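Position 1 is the first residue of the sequence, and the numbers go up from there. Both backbone and side-chain heavy atoms feed into the values below; hydrogens, waters and symmetry mates do not. Remember, it's a predicted structure, so these values are computed and weren't measured experimentally. Whatever order the structure lists ligands and atoms in, that order sets their numbers, starting from 1.
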Amino acid sequence: MPEKMRIDKLLSNMGLGTRSEIKRAVKQGKVTLNGTVVKDSGLIIDPIAQEVAYEGERVIYRNVIYLMLNKPQGVISATEDNKDRTVIDLLKQEDTLLNPFPVGRLDKDTVGLLLLTNDGQLAHELLSPRKHVDKTYEALVWGDVGEVEQTAFTAGVELDDGYVTMPAELMIVNKEEQPIGICSTIRLTIREGKFHQVKRMFDAVGKKVLTLKRISMGPLQLDESLEEGSYRELTAVEVEQLRAHRGREK
Ligand code: URA
């Protein structure tokens, strides 16, 4: 991120209007820099060292955004798609200004925790195969899941393309009889992120994932008070925990 920037860019990034609206506001004398009215909307400023105000109110500059989304079904974990709605379409316009993007992918029909940020370095490190960041999923699986699958997942299973998964931890939460037969609610923690990994791991042991929800990623836990489709900013503590976690290699 640049240290210095145009004042109109800063104000529009902070959600105070489009560039042309800001230009008008500058002409109307609504913008000040260190208490002096700004005359040129293209003025280059240092947003950290200098104090910008809009209609008399201090504009606090920031250049990073961290959002926790409870992803609903039916939306794509991407910034653009020419067919489907994306997770970015769920954001309020002002939350898109800093160009957040999803950290990794959840399938269209998977729900749950998705981090959106414009912090490319953090995203890269959370996704790096070398870092082995834990991801925990809760799933409803068709079939009686038990010790056989626990043992298989601990050892690693061979996926349809021949890849053998790293040790994963399987917890059985509940089993119940459904019209289609016995179904198991499980929690699975994996340390890698192959395409459709959870579904393919169950395919490998002859079971089918019916619903899938991500509940954690590294130290970040899904805030269960967020309804599907809602999001909030990470707290300062959550951001710190993620930053501390990313340095670890397992
Ligand atoms: N594993 C899957 O199969 N799907 C996801 O969306 C995430 C992990």
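- Heavy atoms of other residues, nucleotides or ligands lying less than 6.0 angstrom from CD of Glu169 number 12 at most.
- At a cut-off of 3.5 Å, with distance as the only test, a side-chain donor of Asp223 or Ser225 sits close to an acceptor on the other residue.
- In this structure, the side chains of Thr110 and Lys199 come closer than 4.5 Å at one or more pairs of heavy atoms.
- In Lys175, the NZ atom is crowded: over 12 heavy atoms of neighbouring residues, nucleotides or ligands sit closer than 6.0 Å.
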Query raised in the report: Given the rule in the salt bridge (charged side-chain N to carboxylate O under 4.0 Å, His left out) test, do Glu192 and Arg200 qualify, once you have shown the distances and angles that lead to the verdict?
Result: CA-CA 13 Å; Glu192 51 196 338; Arg200 288 163 72 214; over 6 Å; no
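- Within 4.0 Å of ligand 1, contacts by protein heavy atoms are made from Leu106, Asp107, Thr110, Tyr137, His196, Gln197, Val198, Lys199, Leu212.
- The number of heavy atoms from other shown groups lying within 6.0 Å of CD (Glu227) does not exceed 12.
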